[in-house]
Every structure is written in structure tokens, then in C-alpha cells.
Amino acid sequence: MADNSDLELRQLEPGDKVTGLSVGDPAFLPLKTFFRKHAKTYEAQSLARTYVVCEPAEHDKPIAFITLVCGEIETQGDTNLLGDGVTYRYHGYPAVKLARLAVDARRRSAGLGRLLVEFALGLVKEVICPAVGCRFMVVDSKRESVAFYESCGFTMLDTGENRARDEPVMFIDLHKIQV
Amino acid sequence: MSIKSHAFGRVMLTDEDAKKFKNQVRYGKPKAAAVKSVKNGVVLAREFEKAGKIRLSIKRAKVKVG
């Protein structure tokens with residue numbers, strides 16, 4: 001990829017070509033499969049929202065995507081997260097889940113993954129949190145991507161069991177971030 | 001298993017994982033990287049809200065909206 005490219009970030013559209021994404025590492029094949037088989041259906045059925053990055057020359061051929069869904073972090077036991085003085089009688093805390101993120105292998109190292117994560121965080125903070133209430137952004141990170149998500153500001157749930165998972169849970173508490 | 005999570009499902013935490021999560025949320029401070037990411041993202045989101053899309057230039061991972 002050239003150092004300087006004009007790109008467009010937008011929502012996935014019905015006419016987009018979803019078959020040409022190359023993910024490289026076999027560990028990321030499920031991302032390619034999701035994009036090819038399910039992304040448009042989920043979009044059409046409002047089950048998820050997928051945002052894509054395209055180059056103008058191939059405006060209908062995404063080179064990166066991110067998929068977001070409504071989620072929840074449920075905690076069992078005496079686990080009021082909010083501290084003394086805050087009454088909240090429920091075990092579920094609203095979250096947006098970063099469900100899928102992939103960048104074409106030929107376009108890596110250009111910052112597209114970070115761009116999409118930042119966009120998602122901004123969208124949640126700016127649009128979703130004020131409109132419906134949402135406390136966390138959460139992701140089940142692939143092991144290969146843990147360092148990337150940490151560099152984006154995600155925090156690892158710091159337990160041995162979580163660190164041993166194939167896809168450890170990471171989160172950002174958006175309530176504590178003022179912009 | 002005290003963690004159950006799926007890409008398109010909720011995260012369920014019990015036992016030590018729930019306690020640790022509570023402590024991290026109660027006493028944790030936002031990471032500088034998180035603040036930076038959210039601030040950058042809000043700029044992008046505002047642009048997106050205006051036009052339904054964002055045109056941008058990427059120059060070695062530096063993003064310029066416009």
C-alpha cells in the first residue's frame with residue numbers, strides 16, 4: 001500500500017464485494033468467513049453493524065472491516081461494580097461488543113485496524129452512550145491481537161483463567177473517559 | 001468455567017473473574033492509550049455523523065480526516 005492513500009470509511013452496503021478479503025494467517029480465517037457469509041445478512045437484519053474501509057479505485061471492495069453488536073457484561077455474586085453509594089440491583093452491565101475486526105493482509109501496517117477501533121470507540125462514546133446508556137466496550141481478543149488491543153487502550157481482565165483463554169476478554173470502561 | 005463469552009454474545013463472569021473485574025472497574029483508572037483512542041474516535045464519529053461516511057488519508061498510520 002502506498003504511504004498516502006485516500007480512503008473511505010462507511011457502513012457496509014448491499015452491493016459491496018465481500019469475497020476478496022485476504023486475511024493471511026489461518027488463525028484469522030473465521031473473520032474472512034464471517035465477512036463473506038454473514039456480514040450482509042446481519043447488517044440487513046439489524047443483528048450487527050459492520051463498517052468498512054475502501055479505496056476510491058475499488059469503492060465497493062472493502063479492504064478492512066469492523067463489526068459491532070449490542071452486548072452485556074454479566075457478573076454473578078456480590079459484584080456491584082459501582083462502589084458504595086450507588087444502588088444498582090442488576091448483574092448485567094450494558095456494553096458494545098467488538099465482534100469482528102479484520103484488515104486485508106496486503107494492507108496491514110497502515111493503521112487501518114487502529115483507525116477502525118478508534119472509530120468504533122468514538123461512535124459508542126459519542127452516539128450510543130448518550131442515547132441509550134452503555135458503560136463498556138468489550139472484545140474477545142485473539143491471542144495474536146492482545147498487544148494490539150492493549151495499545152488501543154483495552155484492559156485485560158486480569159485473571160489466570162482469562163489469560164489462558166484462546167480469546168481473552170478485554171474491555172474499556174467508557175464512563176471513566178472524558179472527551 | 002468462570003468466564004463465558006462469545007463474539008456475538010454477552011460476557012458472563014463468575015467467581016474470581018467477577019471479583020477481579022469488579023476491582024478493576026472500581027479502582028482502575030483509564031489508560032492513556034484508551035483516552036487517546038476515544039478522543040481520536042470521537043473526531044471520526046462526529047465526521048461520520050455529518051456525512052454518513054469519512055474520507056481520510058492515511059500516511060504511515062497517521063490519520064487525517066477530510
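Throughout, a chain's letter reflects where its sequence line sits, starting with A, and its residues are numbered from 1.
Considering only heavy-atom pairs separated by less than 4.5 Å from chain A, the leading option among B:Asn23, B:Val35, B:Val42 is B:Val42. Between chain A and the options B:Arg26, B:Lys53, B:Met12, B:Arg10, heavy-atom pairs under 4.5 Å are most frequent for B:Arg26. No other option in A:Lys125, A:Glu126, A:Glu74, A:Glu167 has as many heavy-atom pairs under 4.5 Å with chain B as A:Glu74. Interface remark: of the candidates A:Leu47, A:Asp158, A:Val69, A:Thr155, A:Asp158 forms the most heavy-atom pairs closer than 4.5 Å to chain B. Ranked by heavy-atom pairs shorter than 4.5 Å toward chain B, the options A:His175, A:Arg135, A:Gln178, A:Glu150 are led by A:Glu150. With chain A as the partner, the residue from B:Gly28, B:Gly52, B:Ala51, B:Ala34 showing the most heavy-atom pairs under 4.5 Å is B:Ala34. Contact tally against chain B (heavy-atom pairs below 4.5 Å) for A:Leu116, A:Leu174, A:Leu157, A:Asp173: the top residue is A:Leu157.
In this structure, the portion of A:Lys97 lying under 4.5 Å from any heavy atom of chain B is its side chain and not its backbone. In this structure, chain B has a heavy atom under 4.5 Å from the side chain of A:Ala48, while its backbone stays farther away. Proximity to chain A involves both the backbone and the side chain of B:Phe21, based on heavy atoms less than 4.5 angstrom apart. If you measure heavy-atom distances from B:Lys31 to chain A, the contacts under 4.5 Å come from the side chain alone. Looking at A:Asn162, the atoms closer than 4.5 Å to chain B (heavy atoms on both sides) sit in the backbone and in the side chain alike.
Ion pair A:Lys17/A:Glu58 not flagged as a salt bridge, since none of the NZ, NE, NH1 or NH2 atoms sits closer than 4.0 Å to an Asp/Glu carboxylate oxygen. Remark: B:Glu16 engages B:Lys19 in a salt bridge, criterion side-chain N to carboxylate O under 4.0 Å. Ionic pairing of A:Asp16 and A:Arg10 is present here: one or more N-O contacts between side-chain nitrogen and carboxylate oxygen are shorter than 4.0 angstrom. In summary, A:Lys40 and A:Glu43 do not engage in a salt bridge, as defined by a charged side-chain N under 4.0 Å from a carboxylate O.
The minimum heavy-atom distance linking A:Pro94 with A:Gly133 is given by the pair CB-O, 3.9 Å. In this structure, B:Lys39 and A:Val179 approach most closely via the heavy-atom pair CG-CG1, 3.7 Å.
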- Message: Walk me through whether A:Phe65 and A:Leu21 qualify under side chain to side chain contact (heavy atoms under 4.5 Å, CB included).
- Response: CA-CA 10 Å; A:Phe65 75 93; A:Leu21 198 71; 3.6 Å; yes
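A cation-pi arrangement is present between A:Arg100 and A:Phe34, with the terminal nitrogen or guanidinium carbon under 6.0 Å from the aromatic centre and inside a 45° cone about the axis.
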